[in-house]
Amino acid sequence: MMKFSLGLIYSLTVFIGAKQFIGDPPTKAPNPPDLTITRFAGPDVTPSPACLAVAPTGEVFVGVDMIGSLGKDPGKGRILKLIDKDNDGKMDQHIEFATVDNPRGIIVQGSKVFVLHTTFSKETGKATGMALVVFEDKDGDGKADGPAQPLVENLSNTKYIQERGTDHATNGIRMGIDGWIYIAVGDFGFHNATDRSGKKLTMLGGGIVRVRPDGTEMEIFTHGTRNVYDVAIDPYMNVFTRENTNDGGGWNVRFSHHLQSGEYGYPVLFQHFTDEIIPALADLGGGSGTGALYMAEPGWPEKYSNVPMMADWGRSMLYIHRVTPDGPTFTQKEEDFLEVPQITDLDVDGSGRLFLSAWDGAGYSGSPDKGYVIRAVPNNWTYQPFPDVAKASIEDLARLLKSASAVARLNASQELLARADKQGIAAALAIATDTQLPLYARVAGIYTYAQATGAEGIPALTALTKDATMREHALRALTDRKAILNDVATGPFLEGLKDPSPRVQAAAIIGLGRLGRIETANALLQTKVPASFVAPVKDVEGPHATPNAALVLPHLAVRALVSMHAVDEAVAAINSANSTLALWALRYMHDPKAVNGLITAYPLTKDEAVKKQIIITLARLYKKEDTYDASWWWGTRPDSHGPYYKAVTWESSPAIEKFLKATSLKKGPAGLAFYRDLDARNRMDIPAFAPEKKALAAATNEPKVDLEKIKSKKGQVGKSSIEDVLLAVNKLKGDPAKGKLLFTAQGCIACHSINKGDVMKGPFMGQIGSIMNREQIAESILKPNASISQGFATVMITAKGNKSYMGFVTEETSAKVVMRDISGQVTTVKTSDILTRKEMKTSMMPTGLANALSYEEFASLVTFLSQQKK
């Protein structure tokens, strides 16, 4: 991508963007007529803008990133402060606020500016990781007073940032009304990230991490996403993302609701173990999610407010997601909103001005000539100055805390916390307890009060659990900070499990998991498991992007039981009415006590279904995920079979193997098939359950394609300039049926698949029409080296035995790499045999493959591809 991941883009080459958008709104699709859009700053000031944030008073902080997602040279980034003095929608002044490499996320809070960025060694010039830092401008001159203060360091995988750039690294940041900074972590993950208190944290893969504004209390919020770039947080602390996941048939965008402690499954659970994850709310097809914002500003038309607004770099579109409550979670409906070429980020100020940044074809490594910032406001918008909260009275801050504006509430809350004034704390509690106020105001009050008071606020928060309207939020606030958990009673949470509201039940379950009191495990084990808790059938991809509200509560209960390591309690429940949830939880408990308990329980049960689930659970426990040390990464197209990526045996593996063998012998030859399937599903590799040997079928290699012969032919396209060809394509409709035939005849089939069921080759073409228009597709074919599709760079591998291989990687596991060369031939290389691995800078796709075609034929090929929108 640029993550954006930029790593997310699976198209042939970089999406060039809507070139016609220079000073006016884009014309590909009409933007809402009730909005006024102006160009705020151009590439002369804001080239390659990767992120932005807006102060409540309207100053725009833009992260200029001349490294991009694949660049590796430092000294090319900065944070600019842009000012619109006359409020006409155009920047009047810009100041270089700070110099920083590879800015990925910004938050402006009072005089402080938080930045997530890549760090580099001054001595070697190489990346050393990523860090969340804070700058401060106390004298108000528009420039940071000094160097940044680190809050969290090592917040990504240094090895792969050095090798690949930041395409799957750590990205956007946003503050919730609870005062936490939420951090979007790509699937590089991180090893030994360190906060200011010295706490270290490791995470294999992607998800959301959060930390306090002072850089302490760092913790994992959710896990199991691929390339999440930013988070949208609503006034009630619902967190939404538009992330990207490789499901074997291209990279699809998924819209997700994140529940604290939830597991979202990428890459090892979301295909064949989908019964165990919280599914995304929707699979939206190809794209590349970037910036995110929950718009909750009263000056905006109702139809555009109180919605997550999610940017998609690949589709050059800002989307609105209409979310509808569904038990403890939501359902959603996506709508086109604003077209912005390679949109990267967005934010809104206290007067309702929405600012958006456009990468606009700046490439994977940034460009000094591309990129801009626009402003969007409702047509009837009038400037209303936002007050200086630092000078506001307690009464004024209390009024802002009750405002319909989310921007006003957050900034008032943070100012009240900074003052630590008894009158302000009392005002926050008064707002939280005022039943006449809107819920958003009361929620702002309760989180402000909880942060300000710590353990001293527990009695008042506990009292608020008696208020049905505030119960969910009171339970969350009580367990939001781990430092005070010892003083929090379990009673309100046990009562919450019985509440008629599934949202309250979810808050109670999550809270009990955070409290970690083993005596509550039996109450959690009583959480009902729905009939939809069913594993996908053999070799069938499960519903990883279909909302399943009924599965959320038992999922959260399992996560809570695992976090408190309730082994004894789960084992004791195997032969009870709660066996399903107990066995689900035991799948993750790699403890000899769990294994021994399962083996002991097996002969004691008369229920054949429970016996079967015990066997399934033991098979799952046979291996475990290896300890992550950041020396490896699963790549852009990882093995997603599951249930582990880098599986290893452990101390109880021999006991499990012995038991499984013994029980299989009692089933006889007819029952052996079950154990073979179980072995394959869990990749146990137990010899006794190896597949039956069958006669090898004749090789069915695809025919070789002579691309050199194809490109040597000269037709109308080969004799014309690229500009003339593009002009012709714009005038000719082309015949898609003829284009389909040419897709094979011109050798495209050697490297590209069209259907999801096909063997994965190079860049997947089954969705290219939803990402690129006809002109962009044509340009990608004519200029394949203009930009290499992320994940499909040509790779050169040298291996033992003086062997070398060149192609693109079509499959990768911890044990092997499968490559496909330009002729379509497939080679498997053992990971243990690889000596060196290097990505090439040129595309494996030769220039000139369309040379032999006429304009009409080339237009037909382009039209066929443009219609691929699966």
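What you see below is based on every heavy atom in this structure, not just the backbone, and it leaves out hydrogens, waters and symmetry mates. For this chain, numbers begin at 1 and follow the sequence in order.
- Here T166 contributes atom OG1 and I67 contributes atom CD1; the two are 7.5 Å apart, rounded to the nearest 0.5 Å.
- Between R174 and D347 there is a salt bridge, with a side-chain nitrogen of the basic residue lying less than 4.0 Å from a carboxylate oxygen of the acidic one.
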* What's the verdict on side-chain contact (heavy atoms from CB on, under 4.5 Å) for V558 and E276, showing C-alpha distance, side-chain angles and the deciding distance? -> CA-CA 9 Å; V558 166; E276 302 178 23; over 6 Å; no
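- Annotation: the span from N411 atom CG to D349 atom CG amounts to 10.5 Å, rounded to 0.5 Å.
- The shortest distance between side-chain heavy atoms of T118 and M130 falls below 4.5 Å.
- Ring geometry for W633 against F188 counts as perpendicular: the plane angle is over 60°, on a 0 to 90° scale with 30° as the lower cut.
- Within 6.0 Å of CD on E456 lie no more than 12 heavy atoms contributed by other residues, nucleotides or ligands.
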* Evaluate side-chain contact (heavy atoms from CB on, under 4.5 Å) for D178 paired with Y447, printing each intermediate quantity in order. => CA-CA 5 Å; D178 59 357; Y447 279 117; 3.7 Å; yes
* **Worked check of salt bridge (Lys or Arg N to Asp or Glu O under 4.0 Å) between R226 and E243** => CA-CA 7 Å; R226 181 176 187 259; E243 79 279 347; over 6 Å; no
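- Residue K138 qualifies as open at atom NZ: its count of foreign heavy atoms under 6.0 Å is 12 or below.
- Because its NZ or CZ atom is not both nearer than 6.0 Å to the ring centre of Y229 and within 45° of the ring axis, R242 does not count as a cation-pi partner of that residue.
- When all heavy atoms of A232 and M310 are compared, the closest pair comes out as CB-SD, 4.0 Å.
- The pair D480-R210 meets the salt-bridge criterion, with a side-chain N (NZ, NE, NH1 or NH2) lying under 4.0 Å from an Asp/Glu carboxylate O.
- Applying the side chain to side chain contact (heavy atoms under 4.5 Å, CB included) criterion to T479, with sequence neighbours excluded, gives L485, F493, R514, L515.
- The shortest distance between side-chain heavy atoms of N171 and D230 does not fall below 4.5 Å.
- Two rings, from W632 and Y645, have their centers less than 6.0 Å apart.
- For the pair E263 and R559, the salt-bridge criterion is not met [side-chain N within less than 4.0 Å of a carboxylate O].
- Residues L556 and Q260 come closest through the heavy atom pair CD2-O, 3.7 Å.
- K112 and V134 get closest at one heavy-atom pair: CB-CG2, 3.8 Å.
- Aromatic ring centres of Y440 and Y236 lie farther apart than the 6.0 Å criterion allows.
- A donor-acceptor pair under 3.5 Å is formed between the side chain of T170 and the backbone N or O of L155.
- Listed here is the closest heavy atom pair of N306 and Y294: O-OH, 3.0 Å.
- Interatomic distance, OG1 of T527 versus CH2 of W584, reported as 10.0 Å (0.5 Å rounding).
- Under the 3.5 Å distance criterion, the side-chain polar atoms of Y264 are left unmatched by any main-chain donor or acceptor of F270.
- Aromatic rings of F330 and F240 (six-membered ring for Trp) have centroids within the 6.0 Å cut-off, being under it.
- Looking at heavy atoms from C-beta onward, R196 lies out of side-chain contact with V211 at the 4.5 angstrom threshold.
- Here the side chains of L281 and T331 are not in contact, with every heavy-atom distance at 4.5 Å or above.
- Listed by chain and number, the residues in a side chain to side chain contact (heavy atoms under 4.5 Å, CB included) with A566 are I518, A521, L561, M564, E569 (sequence neighbours excluded).
- A donor-acceptor pair under 3.5 Å links the side-chain atoms of T128 to the main chain of T119, judged by distance alone.
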* Please lay out, stage by stage, how V113 and D137 fare under the test side-chain contact (heavy atoms from CB on, under 4.5 Å). => CA-CA 8 Å; V113 178; D137 176 18; over 6 Å; no
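- In terms of heavy-atom proximity, G327 sits nearest to R503 at O-CG, 3.6 Å.
- Checked by atom type, the side-chain pair H168/D187 shows a donor-acceptor distance below 3.5 Å.
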* To do: Go through the steps for R212 and D195 under the test salt bridge (Lys or Arg N to Asp or Glu O under 4.0 Å), then give the verdict.
  => CA-CA 10 Å; R212 299 304 302 174; D195 73 9; over 6 Å; no
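- A donor-acceptor pair under 3.5 Å is absent between the side-chain atoms of S413 and the main chain of L410, judged by distance alone.
- Although no hydrogens or angles enter the test, the distance criterion places a donor-acceptor pair under 3.5 Å between the side chain of E297 and the main chain of A406.
- At least one donor-acceptor pair closer than 3.5 Å links the side chain of S357 to the backbone N or O of D345.
- With sequence neighbours excluded, no residue forms a ring-ring contact (aromatic ring centres under 6.0 Å, His included) with Y449.
- Looking at H223, its side chain never comes within 3.5 Å of a backbone N or O of M203 through a donor-acceptor pair.
- Using a 4.0 Å cut-off between charged nitrogen and carboxylate oxygen, E217 and K482 do not count as a salt-bridge pair.
- Under a 3.5 Å cut-off, the side chain of N227 and the backbone N or O of G186 do not form any donor-acceptor pair.
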* Run the numbers on Q414 and R419 for side chain to side chain donor-acceptor pair (under 3.5 Å), then give the verdict. => CA-CA 9 Å; Q414 289 297 305; R419 294 188 191 184; over 6 Å; no
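- Looking at I106 and I79, their side chains come closer than 4.5 Å, going by heavy atoms from C-beta outward.
- If you take CD1 on I431 and OG1 on T448, they are separated by 7.5 Å, rounding to the nearest 0.5 Å.
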* Check against side chain to side chain donor-acceptor pair (under 3.5 Å), N154 and H191 -> CA-CA 7 Å; N154 305 318; H191 180 260; over 6 Å; no
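- In this structure, H321 and V307 have side chains that are not in contact, with every pair of non-hydrogen atoms separated by 4.5 Å or more.
- Atom-to-atom distance recorded for T453:OG1 and L461:CG is 6.0 Å, nearest 0.5 angstrom.
- The closest donor-acceptor contact from the side chain of S501 to the backbone of V504 lies under 3.5 Å.
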* To do: For the pair V348 and L293, evaluate side-chain contact (heavy atoms from CB on, under 4.5 Å) and give the outcome as yes or no after the intermediate values.
  => CA-CA 8 Å; V348 66; L293 168 71; 4.1 Å; yes
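- With salt bridges taken as basic N to acidic carboxylate O contacts below 4.0 Å, one links D65 and R104.
- Going from atom CG of L318 over to atom CE of M295 covers 8.5 Å, rounded to the nearest 0.5 Å.
- Counting only heavy atoms from C-beta outward, the side chains of D312 and I343 never approach each other to under 4.5 Å.
- T329 contributes no side-chain N or O that, together with a main-chain N or O of D326, makes up a donor-acceptor pair within less than 3.5 Å.
- The closest side-chain heavy-atom distance from P235 to R409 is below 4.5 Å.
- When all heavy atoms of H258 and F221 are compared, the closest pair comes out as O-CE2, 4.0 Å.
- Taking the ring axis of Y266 as reference, the NZ or CZ atom of R254 does not stay both within 45° of it and closer than 6.0 Å to the ring centre.
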